[in-house]
Amino acid sequence: MASISSAELNYLVYRYLQESGFTHAAFTFGYEAGINKCSIDGNLVPSGALVTFVQKGLQYFEMEANLSNCDADLEEDFSFLQPLDLITKDVHELRQMISERRKKLQKERKKEFEKEHEGERVRVREKDRREREKEVEKERREREKEVEKDRREREKEVEKDRREREKEVEKDRREKEKEVEKDRREKEKEVEKDRREREKEVVKDRKKIENDKEREQQHGDQTVREMFVDHEDRVPVKLEENGAVGGPEPMDISTTSTSQLCGIPSSDVTILEGHTSEVCACAWSPTGSLLASGSGDSTARIWTIAEGRCKPGSENGPLNVLVLKHVRGKTNEKSKDVTTLDWNGEGTLLATGSYDGQARIWTTNGELKSTLSKHKGPIFSLKWNKKGDYLLTGSCDQTAIVWDVKAEEWKQQFEFHSGPTLDVDWRNNVSFATSSTDNMIHVCKIGETHPIKTFTGHQGEVNCVKWDPTGSLLASCSDDITAKIWSMKQDTYLHDLREHSKEIYTIRWSPTGPGTNNPNHKLVLASASFDSTVKLWDVELGKLIYSLDGHRHPVYSVAFSPNGDYLVSGSLDRSMHIWSLRDGKIVKTYTGNGGIFEVCWNKEGDKIAACFANNTVCVLDFRM
């Protein structure tokens with residue numbers, strides 16, 4: 001007799017969970033059961049295989065219970081049992097149940113036969129009874145008609161009297177209302193007359209006050225300017241000699257009055273519409289005026305943004321946009337969500353990562369150059385190396401893959417994590433860091449079969465890893481409410497940054513310090529958290545410089561301006577703030593119509609892009 005193995009049964013259960021829409025349960029079961037290591041060809045297994053298998057088993061069990069060794073039983077009706085009976089009882093018990101039911105059925109048939117003869121007599125009596133009832137019913141209806149006729153006549157008389165009384169009452173009410181309305185109008189005329197007299201007096205007094213103010217204006221302006229300058233000189237913020245922010249104690253910045261005075265006007269905003277689902281990623285080309293965006297509508301888009309200031313209103317004209325479809329036909333298929341994207345260093349190729357586990361490479365003309373398929377789960381992170389010959393992807397399947405772009409094939413797959421890979425970042429052209437839900441950070445190198453360094457210390461999922469501009473320090477942030485700074489020279493962290501009160505979603509290094517275009521400015525680290533704050537850290541001392549407290553909801557993205565003087569932050573509270581790193585204050589702010597998932601600067605530092613949950617991308621002009 002054929003039997004089914006545990007691996008085959010696990011695969012049927014996995015397929016059932018997938019087909020029933022239990023995506024997370026299917027993923028967890030598949031991971032624990034090792035489905036990815038199973039040799040079963042899923043294309044040979046039809047949909048609903050588990051349900052079909054169970055149904056056929058129950059049918060067989062039911063047949064076995066109904067059929068005994070006695071041929072006489074074949075002439076009896078089959079007794080179709082309940083699934084619960086088939087599951088909870090053995091064959092002997094089921095046969096006993098069927099035997100009892102057949103005996104009961106025979107007794108019932110005998111009773112029915114006796115009732116048939118009795119039924120004839122009952123039908124005759126019933127016919128006579130119905131005839132008598134018809135006669136009684138006919139007489140009753142005749143009496144009811146007479147009673148109803150008398151009732152209607154009485155109601156007509158009562159209704160006639162009621163209407164006459166109502167007419168009299170309405171006439172009296174209208175007379176009274178006329179008298180009341182007349183008195184009210186007389187009173188209103190008196191009140192209006194008094195109000196106008198008072199208004200004349202107020203206008204007269206106001207004109208007198210305005211004349212007095214005009215005479216004093218020249219003296220007052222000079223005094224106000226002197227007081228304002230004196231107030232600004234007394235702001236308690238220190239600047240270090242190299243131009244970076246500093247001071248003995250971190251500052252919490254209040255932005256209530258500032259944000260009211262520095263809103264970005266609509267004339268400096270271009271809204272890019274076209275996506276049909278939330279836009280979760282955006283990136284400027286490093287060499288031109290192209291902006292890429294990725295959305296849950298299964299598309300990425302390449303927008304050509306004109307240089308110079310935005311034109312207000314309808315002067316923007318039609319936008320030049322390329323739509324990069326990740327699925328043929330209709331969009332908004334969740335398995336094709338574009339989760340991440342990145343430009344190569346020359347700005348000639350755009351790579352996109354999708355929820356279907358595939359990475360795709362596109363030209364600036366919107367042509368699909370390569371489709372890279374090996375991952376068995378969604379791609380969460382994707383990065384080009386500086387040279388542009390390798391593409392690195394991190395996936396929910398717990399692995400990272402380095403792809404040879406020219407050969408259009410995978411070069412090496414790194415399987416070191418025990419949970420989904422959340423982020424990847426290149427250290428140089430051949431080595432990189434990965435982070436995962438397993439709380440671990442691995443530093444890997446092409447050609448090596450084991451991590452060249454492993455950092456342990458986080459107590460929660462590591463959401464983001466970023467190398468500093470020189471590749472000597474690695475920053476990480478986690479759901480354990482900490483950010484940490486690591487060095488390849490030691491196994492433990494250099495600094496443990498613990499000022500946030502909720503999970504830290506992302507981190508960014510400033511483009512300052514040695515090895516950057518701004519070598520005279522100190523290197524700082526920014527962290528964005530679900531506690532609605534952005535914090536700036538002195539990486540040499542591991543101390544907090546500023547806590548930027550301008551948002552009301554989780555902050556999902558931060559980005560430094562190319563010159564390192566400003567920081568932009570985007571939050572689920574729909575607002576985007578631009579902060580000056582000299583004093584930690586908001587210098588510009590913009591509020592859109594949806595939560596902000598990502599913000600980024602163009603290479604000139606005069607435009608900022610932000611992608612929103614309301615399916616739009618906004619481009620803002622920035623001038624100081």
Side-chain angles (χ1 to χ4, degrees), residues 14-15 17-24 26-27 30 35-36 41-43 45-48 272-283 285 290-304 319-344 349-384 391-397 399 401 403 405 408-410 420-422 594 597-598 609 611-617:
Y14 169 76
R15 281 288 296 270
L17 293 174
Q18 265 196 335
E19 293 165 0
S20 301
F22 304 113
T23 306
H24 296 291
F27 170 76
I35 297 301
N36 61 334
D41 186 355
N43 295 322
V45 180
S47 299
L272 309 179
E273 297 179 330
H275 284 295
T276 57
S277 185
E278 70 279 358
V279 187
C280 50
C282 61
S285 168
L290 300 181
L291 174 65
S293 59
S295 167
D297 63 7
S298 308
T299 73
R301 293 170 191 249
I302 299 178
W303 314 79
T304 301
L319 289 170
N320 185 2
V321 59
L322 300 173
V323 180
L324 315 180
K325 294 185 178 180
H326 288 59
V327 60
R328 294 180 181 177
K330 65 179 182 178
T331 59
N332 289 327
E333 290 190 11
K334 299 311 291 180
S335 64
K336 303 289 184 177
D337 282 10
V338 179
T339 55
T340 181
L341 47 80
D342 190 36
W343 291 93
N344 68 346
L349 297 174
L350 175 69
T352 61
S354 173
Y355 208 84
D356 63 2
Q358 293 184 337
R360 296 170 174 84
I361 299 177
W362 312 78
T363 68
T364 54
N365 295 325
E367 176 188 352
L368 178 59
K369 183 177 181 295
S370 305
T371 300
L372 310 176
S373 302
K374 186 171 176 60
H375 282 299
K376 296 182 180 180
I379 294 176
F380 288 156
S381 182
L382 169 149
K383 300 285 174 56
W384 291 88
L391 182 68
L392 173 63
T393 56
S395 168
C396 189
D397 66 6
T399 73
I401 297 178
W403 305 86
V405 176
E408 299 185 0
E409 62 183 18
W410 65 280
T421 303
L422 298 182
F597 292 130
E598 189 163 18
C611 53
F612 287 79
N614 71 333
N615 312 347
T616 64
V617 180

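- Counting only N and O atoms by type, the side chains of S373 and Q358 include a donor and acceptor under 3.5 Å apart.
- Here the CH2 atom belonging to W303 is positioned 8.5 Å from the CG atom belonging to L291, to the nearest 0.5 angstrom.
- Interatomic distance, L341 CG to R360 CZ, rounded to the nearest 0.5 Å: 13.0 Å.
- The one candidate from L372, L350, T371 that meets the side-chain contact (heavy atoms from CB on, under 4.5 Å) condition with I361 is L372.
- A search for side chain to side chain contact (heavy atoms under 4.5 Å, CB included) contacts involving K374 returns I401, W403, W410, Q413, not counting sequence neighbours.
- Between D397 and H375, the shortest heavy-atom contact is OD2-ND1, 3.0 Å.
- With sequence neighbours excluded, the residues forming a side chain to side chain contact (heavy atoms under 4.5 Å, CB included) with F27 are C396, P420, listed by chain and number.
- Remark: the backbone N or O of W384 is paired with a side-chain donor or acceptor of D342 at under 3.5 angstrom.
- Side-chain contact between T363 and L349: present, with at least one pair of heavy atoms (C-beta onward) separated by less than 4.5 Å.
- The shortest non-hydrogen separation linking C611 to C280 is SG-C, 3.8 Å.
- There is a side-chain donor-acceptor pair under 3.5 Å between H326 and T352.
- The side chain to side chain contact (heavy atoms under 4.5 Å, CB included) check on E408 picks up K369, S370, with sequence neighbours excluded.
- Pairing each heavy atom of T421 with each of G394, the nearest pair is CG2-CA, 3.9 Å.
- With values rounded to the nearest 0.5 angstrom, I302 atom CD1 is found 5.5 Å from L322 atom CG.
- For the pair Q18/S20, no side-chain contact is recorded, criterion being any heavy-atom separation below 4.5 Å from C-beta on.
- We find the CD-CG distance between E273 and N614 to be 8.5 Å, quoted to the nearest 0.5 Å.
- Separating the OG atom in S285 from the CH2 atom in W343 is a distance of 5.0 Å, to the nearest 0.5 Å.
- Using a 3.5 Å distance cut-off with no hydrogens or angles, the side chains of T339 and D337 do not pair a donor with an acceptor.
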CA sep, side-chain torsions, deciding dist, call: L382, L391, side chain to side chain contact (heavy atoms under 4.5 Å, CB included): CA-CA 7 Å; L382 169 149; L391 182 68; 4.0 Å; yes
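- Under a 3.5 Å cut-off, the side chain of W362 and the backbone N or O of L324 do not form any donor-acceptor pair.
- In this structure, the side chain of R301 engages the main chain of G274 through a donor-acceptor pair within 3.5 Å.
- With no hydrogens or angles considered, no side-chain donor-acceptor pair links N615 and H275 at under 3.5 Å.
- When atom types are taken as modelled, the side chain of N365 and the backbone of E367 share no donor-acceptor pair closer than 3.5 angstrom.
- Looking at T340, its side chain never comes within 3.5 Å of a backbone N or O of G353 through a donor-acceptor pair.
- The minimum heavy-atom distance between A359 and I379, with the atom names listed, is N-CD1, 3.7 Å.
- Taking every heavy atom of both residues into account, S381 and L422 meet most closely at CB-O, 3.8 Å.
- With hydrogens and angles ignored, the 3.5 Å screen pairs a side-chain donor or acceptor of S295 with a backbone N or O of S277.
- In this structure, CD1 on I35 lies 11.0 Å from CZ on R15, to the nearest 0.5 angstrom.
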